[in-house]
Amino acid sequence: MKCLVTGAKGQLGRALTEELGRRGIPTVTTDIESLNLTDAEAVEAFVVAEKPDVILHCAGYTAVDKAESEPEVCIAANAGASLNLARAALCTGAAMLLVSSDYVFSGEGDMPWETEDRREPLNVYGVSKVQAEEAVRSLLTRCWVVRTSWMFSAHGHNFVRTMLRLGRERHETPVVCDQIGSPTYAPDLAAFLCDLIQTQRYGFYHATNEGFCSWAEFAQRIFDEAGLSCSVVPVPSAVYPAAARRPLNSRLSKASLDRNGFARLPSWQDGLKRCLEEIGGRA
Ligand SMILES: NC(=O)c1ccc[n+]([C@@H]2O[C@H](COP(=O)([O-])OP(=O)(O)OC[C@H]3O[C@@H](n4cnc5c(N)ncnc54)[C@H](OP(=O)(O)O)[C@@H]3O)[C@@H](O)[C@H]2O)c1
């Protein structure tokens, strides 16, 4: 089996490339400098030349607030790029895995979202991910759509690294307390994706670390684990203005993992511990 990983310099792409390497699976990678995925002709030429058996699409426009002021850029990078890759996969017979998001849901209620629940995004980024899901599913039967949430790793821009910086600079910091979801350590998700692509159990999945918390609880745990004395000041979303609206309830049900015989991922607290060890972030 030969894999193509897009977004290989991003949080997930990097973890996935490392995991595929550990498992000895031949892999070719791209990132924006080597292949802009919004260029349909270049994407097709690359996929035809490389002939991967599986395309793992981890690239994406992830600047959720910025997307509100440049929706066309976000839609092209998420929906357009996914369509280009799906067309190329159709052309060469590759299977494809799309990484999607909890932001496809409205965030109403407090029950975990099932994979088949109605998608009703609140922001441009969420719309772009719904369109990406549609593009892939409408063209390919051999595809997996894996929704995840609140990703963090030792690399790149993410909440853990931001909180470690703020925790060292400040005595207290406000953090949103009414959005509930699951932090997800990129290497844990990468391990699941490697297991998944070795099956033909195609379809929609929700995959996050186990357990739910608010951003404020997540921040407190980061400070505690890192030995930082900074206090979290819990604030409701309404008091913390952001360009993009975000779902309050981002809980994702793991029934898709159970149904298909996959082990659930470790707890988010366990993932956080390993991430901080990798960063060397303990004070
Ligand atoms: N991060 C989260 O909390 C989260 C939650 C749910 C779902 N997801 C999804 O999970 C996937 C991976 O997320 P991540 O956190 O690993 O993202 P990331 O760290 O932001 O990495 C994404 C990578 O994609 C690249 N990229 C953007 N536009 C591109 C284009 N047109 N052509 C080629 N490459 C392009 C980016 O390059 P630049 O850095 O130069 O832009 C970056 O290297 C994405 O699909 C994301 O939507 C993420």
Side-chain angles (χ1 to χ4, degrees), residues 4-19 29-43 46-47 55-67 70 72-85 88 96-105 107 113 119 121 123-133 135-136 144-163 179 181-190 192-193 204-209 215 218 244 246-247 250-252 265 268 271 275:
L4 163 60
V5 175
T6 70
K9 290 188 181 157
Q11 294 191 82
L12 180 60
R14 183 177 172 139
L16 190 52
T17 304
E18 286 174 5
E19 183 66 27
T29 64
T30 70
D31 213 299
I32 193 144
E33 294 100 26
S34 61
L35 178 65
N36 188 330
L37 298 169
T38 61
D39 182 341
E41 279 180 24
V43 169
F46 187 87
V47 173
I55 299 172
L56 294 125
H57 181 29
C58 302
Y61 180 112
T62 54
V64 175
D65 287 314
K66 197 170 170 206
E70 49 177 34
E72 63 298 332
V73 179
C74 174
I75 299 281
N78 287 345
S82 300
L83 179 63
N84 293 341
L85 282 166
M96 179 167 167
L97 186 150
L98 171 74
V99 184
S100 190
S101 165
D102 54 318
Y103 282 17
V104 301
F105 296 118
W113 296 97
R119 295 166 299 185
N123 54 45
V124 169
Y125 170 80
V127 169
S128 76
K129 297 305 272 189
V130 170
Q131 291 182 5
E133 292 184 359
V136 172
W144 306 268
V145 175
V146 181
R147 298 189 188 119
T148 191
S149 63
W150 299 18
M151 198 143 36
F152 63 94
S153 77
H155 311 280
H157 298 291
N158 62 63
F159 188 78
V160 171
R161 283 164 53 94
T162 302
M163 284 302 129
Q179 294 169 24
S182 302
T184 302
Y185 184 39
D188 286 344
L189 180 61
F192 164 65
L193 299 184
F204 281 82
Y205 289 87
H206 288 170
T208 69
N209 279 126
W215 288 110
F218 188 21
R246 286 165 168 76
S250 269
R251 297 172 183 87
L252 297 179
L265 279 59
W268 65 264
C275 180

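Whatever order the structure lists them in is the order used to number ligands and atoms, beginning at 1.
Residue-ligand proximity: Tyr103 is placed with every non-hydrogen atom at 4.0 Å or more from ligand 1. Not a single heavy atom of Gly156 sits closer than 4.0 Å to an atom of ligand 1. Contact annotation: Ser100 has at least one heavy atom less than 4.0 Å from an atom of ligand 1.
Considering only non-hydrogen atoms, atom 30 (C) of ligand 1 lies nearest to Ile32 out of Thr38, Thr208, Ile32, Asp39. Between the choices Gly60, Ala77, Ala59, the shortest heavy-atom distance to atom 27 (C) of ligand 1 belongs to Gly60.
Looking only at distances, a side-chain donor or acceptor of His206 sits under 3.5 Å from a matching main-chain atom of Trp113. Between the side chain of Asp31 and the main chain of Ala8, a donor-acceptor pair closer than 3.5 Å is present. Looking only at distances, no side-chain donor or acceptor of Ser153 sits under 3.5 Å from a matching main-chain atom of Gln11. Proximity of a side-chain donor or acceptor of Arg246 to a complementary backbone N or O of Ala244 within less than 3.5 Å is detected.
Using a 4.0 Å threshold on non-hydrogen atoms, atom 39 (O) of ligand 1 does not count as touching the protein.
Given atom 17 (O) of ligand 1, the protein heavy atom at minimum distance is Thr62 CG2, 3.5 Å. Looking at atom 42 (C) of ligand 1, its nearest protein heavy atom turns out to be Asp31 OD1, 4.1 Å. Looking from atom 32 (N) of ligand 1 to the surrounding protein, the closest heavy atom is Leu37 N, 3.1 Å. Annotation: atom 16 (O) of ligand 1 to nearest protein heavy atom, Leu12 N, 2.8 Å. Scanning the protein for heavy atoms near atom 3 (O) of ligand 1, the closest one is Met151 N, 2.9 Å. Ranking protein heavy atoms by distance to atom 12 (C) of ligand 1, first place goes to Cys58 O, 3.2 Å. Among protein heavy atoms, atom 21 (O) of ligand 1 sits closest to Gly10 CA, 3.2 Å.
Against a heavy-atom cut-off of under 4.0 Å, Thr148 is close to the following atoms of ligand 1: 6 (C), 7 (C). Set against the non-hydrogen atoms of Trp150, the atoms of ligand 1 under 4.0 Å away are 3 (O), 5 (C). Of all the atoms in ligand 1, the ones that sit under 4.0 Å from a non-hydrogen atom of Lys129 are 44 (C), 45 (O), 46 (C), 47 (O). Near Leu35, with a cut-off below 4.0 Å to any heavy atom, the atoms of ligand 1 are 32 (N), 33 (C).
Among the atoms of Gln11, some N or O lies under 3.5 angstrom from an N or O of ligand 1. Close N/O approach between Gly13 and ligand 1 is not found [any backbone or side-chain N/O within under 3.5 Å]. Of the N or O atoms in Tyr125, one or more lie within a sub-3.5 Å distance of an N or O in ligand 1. Residue Asn36 has at least one N or O atom closer than 3.5 Å to an N or O atom of ligand 1. Below 3.5 Å of separation, one finds no N or O of His57 facing any N or O of ligand 1.
In this structure Trp215 satisfies the ring pair (Phe, Tyr, Trp, His ring centres under 6.0 Å) test together with Trp150, Phe159, sequence neighbours excluded. When the salt bridge (Lys or Arg N to Asp or Glu O under 4.0 Å) test is applied to Glu33, the partners found at least two apart in sequence or on another chain are Lys9.
A pairwise comparison of heavy atoms in Tyr125 and Thr62 identifies CE1-CA, 4.1 Å as the closest pair. Pro121 and Gly126 make their closest contact through CB-C, 3.4 Å (heavy atoms, listed as atom of the first residue, atom of the second, distance). Annotation for Thr148 and Ala207: closest pair OG1-O, 2.8 Å, computed over non-hydrogen atoms. Among all heavy-atom pairs drawn from Leu12 and Ala190, the shortest one is CD1-N, 4.1 Å. When all heavy atoms of Ala154 and Arg161 are compared, the pair lying nearest together is O-NH1, 3.0 Å.
Looking at Ser149 and Asp102, their side chains never bring a donor and an acceptor atom within 3.5 Å of each other.
Using a 4.0 Å cut-off between heavy atoms, Val99 contacts ligand 1 through both its backbone and its side chain.
Once rounded to the nearest 0.5 Å, the distance linking CG of Asp65 with CG of Asn123 reads 8.5 Å.
Within a 6.0 Å sphere centred on CD of Glu41, other residues, nucleotides and ligands contribute 12 heavy atoms or fewer.
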